[in-house]
Every structure is written in structure tokens, then in C-alpha cells.
Asks: 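First the structure, then my questions, so here it is.
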Amino acid sequence: VVALRDRMVAGAGNEIYVNGLPEDAAESDDYFVLRVDDKLKDPDTGKVLGYEVMFVANAELRARGEDVDTLFLTNTDREVRRGDRVRKADLKLPMNYFPSAPQQEVKGQIIAVVDGVSRIGQYQMVILNRGTDHGLTEGNVLAVWQQGGVAQDSVAKAGAISSYGNNSGYNPIGKKVDLPDTFAGNLMVIKAYEDISYALVMEAVSE
């Protein structure tokens with residue numbers, strides 16, 4: 001997106017100006033307006049797996065031009081800005097998914113939640129740091145476990161007796177103990193790439 005018509009941001013019903021469309025682009029073709037967001041890094045290796053892309057709007061090509069083309073915004077999830085990217089609406093996903101277990105054991109992590117919400121709920125989309133190179137394919141169902149934290153055991157004796165003023169007792173620091181992992185839900189892979197996958201949360205257990 002190189003310009004907006006007399007405004008800072010644009011929404012449904014507005015026109016925007018773009019460049020870089022293919023030569024065979026035709027009027028009435030449908031497009032996605034997308035926004036490139038944060039880097040997606042593998043927490044195990046630090047490798048950049050890609051970039052998170054947020055859906056911004058649907059648009060229709062209204063007119064071709066010598067320098068820029070005109071798109072009409074038909075639907076928006078968020079405001080369109082200069083610098084947003086445009087891609088032809090040709091994303092193809094399977095119409096039917098057949099739930100299955102992976103052919104091999106897969107252990108990975110959720111590295112991002114689509115739309116950047118802080119809590120993961122049912123039917124939300126998440127991104128995994130595992131893909132076809134790790135044995136995942138569309139339809140695979142995975143269990144999600146919440147990693148247990150670390151707690152201070154203030155009851156167990158931590159060492160020497162300490163004295164605070166006129167009171168004596170156990171060292172309040174105590175030793176650290178690992179809490180067990182807890183089941184958090186199930187998800188299903190809907191699109192798998194080499195080392196990254198998109199998955200839909202089918203069940204989320206809230207505590």
C-alpha cells in the first residue's frame with residue numbers, strides 16, 4: 001500500500017493505492033491486505049522461522065494505472081495503513097480435515113497466537129515451531145501441556161536456623177521445587193510448512 005485517499009488510515013468502503021501487482025491482474029480480482037509483524041523464532045535454536053502476518057482486510061481491484069493500481073476495501077478487520085502488503089486471495093486450504101496422530105512423536109512449542117492475544121482459547125489459531133520436517137501434516141492432533149512452574153518450599157528446612165530480632169525459625173527462602181506439567185487442551189494442524197505449522201485450538205482447558 002503506497003497511499004490512501006486523503007486519510008491516514010482506511011477502512012471498508014475506502015479506496016487504497018498499491019503497486020507491484022502482477023501484469024495479468026484484472027479488475028474485480030480479490031486481494032488480501034496483510035501486515036508483516038514480529039519475527040517468529042524457534043525458542044530451542046533461536047533460528048528465525050519466518051514472520052507473523054496479520055490479516056487486515058479484503059479488497060477488490062477496481063482500476064489499473066501506470067504507476068499505481070486502485071483497490072476498494074470490501075471488508076476490514078483492522079485499519080489499513082501505508083506499508084501494508086497486498087496478496088492475491090488465492091490461499092488454498094483443505095476443505096475437509098481427517099483427525100489423525102502424527103506418524104512419529106512430535107514435541108514442540110506454541111511460539112505465537114494469531115492476532116496476538118495473551119490468552120489462548122478454543123478455536124483460536126496458533127503457530128508451532130514444528131512442521132513437515134518433524135513429521136507433522138494437516139489433520140494431525142496434538143495435546144497441549146502447560147509447563148509447570150517453580151515454587152518455593154517454605155515448609156521444608158532449607159539449612160541453618162536463622163534469627164530475626166527476637167524470633168527464630170526456618171530460613172524463609174526454602175528450597176525450590178518443580179511443579180508438574182498440566183494438560184491444557186488439544187489442537188489440530190491445519191497448514192504445515194517445513195519447520196512451522198498453523199494449528200487450530202479444538203479444546204482449551206481453563207483453570
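The structure presented is a predicted model; accordingly, all values stated were derived computationally and were not measured.
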Asks: Is any side-chain heavy atom of V141 closer than 4.5 Å to a side-chain heavy atom of L187?
Replies: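 They are not in side-chain contact.
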Asks: Could you measure the distance from the CG atom of L73 to the CG atom of N58? Nearest 0.5 Å is fine.
Replies: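 Rounded to the nearest 0.5 Å, the CG-CG separation comes out at 9.0 Å.
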Asks: Does a side-chain N-to-carboxylate-O contact under 4.0 Å join D42 and R130?
Replies: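 Yes, charged N to carboxylate O under 4.0 Å.
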Asks: So, taking the atom named OH in Y31 and the one named CZ in R85, what distance separates them when rounded to the nearest 0.5 Å?
Replies: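 Going from OH on Y31 over to CZ on R85, the span is 16.0 Å.
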Asks: Answer whether the closest heavy-atom distance between the side chains of F55 and L34 falls below 4.5 Å.
Replies: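 In short, these two side chains touch, coming nearer than 4.5 Å.
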Asks: Among L136, I110, N186, which one satisfies side-chain contact (heavy atoms from CB on, under 4.5 Å) with L142?
Replies: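 Option passing the side-chain contact (heavy atoms from CB on, under 4.5 Å) with L142: L136.
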Asks: Could you tell me whether the side chains of N140 and Q103 share a donor-acceptor contact shorter than 3.5 Å?
Replies: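 No, no side-chain donor-acceptor pair sits under 3.5 Å.
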Asks: So is R87 actually on top of F32's ring, under 6.0 Å and inside 45° of the axis?
Replies: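 Judged by the rule (NZ or CZ under 6.0 Å from the ring centre, within 45° of its axis), R87 is not positioned above F32.
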Asks: Above 12 or not: heavy atoms from other molecules or residues under 6.0 Å from CZ of R64?
Replies: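 Yes - once you tally the heavy atoms of other residues, nucleotides and ligands closer than 6.0 Å, there are more than 12.
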Asks: Charged N to carboxylate O below 4.0 Å: is that the case for R62 and D69?
Replies: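 Result for this pair is no, no salt bridge flagged.
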Asks: Is there side-chain contact between V114 and Y198, with at least one heavy-atom pair below 4.5 Å?
Replies: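 Answer yes - side chains close enough.
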Asks: Can you tell if the side chain of V86 reaches within under 4.5 Å of the side chain of L71, non-hydrogen atoms only?
Replies: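 SC-SC contact between V86 and L71 confirmed.
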Asks: Would you say Q147 has more than 12 foreign heavy atoms packed within less than 6.0 Å of its CD?
Replies: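 No - once you tally the heavy atoms of other residues, nucleotides and ligands closer than 6.0 Å, there are 12 at most.
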Asks: Are N129 and Q109 close enough that a side-chain donor and a side-chain acceptor fall under 3.5 Å?
Replies: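 Short answer, no.
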Asks: Closer than 4.0 angstrom, basic N to acidic O: yes or no for E105 and K107?
Replies: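 Yes, this pair counts.
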Asks: Is the number of heavy atoms from other residues, nucleotides or ligands under 6.0 Å of R35 CZ greater than 12?
Replies: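 Buried by this count: over 12 neighbours within 6.0 Å.
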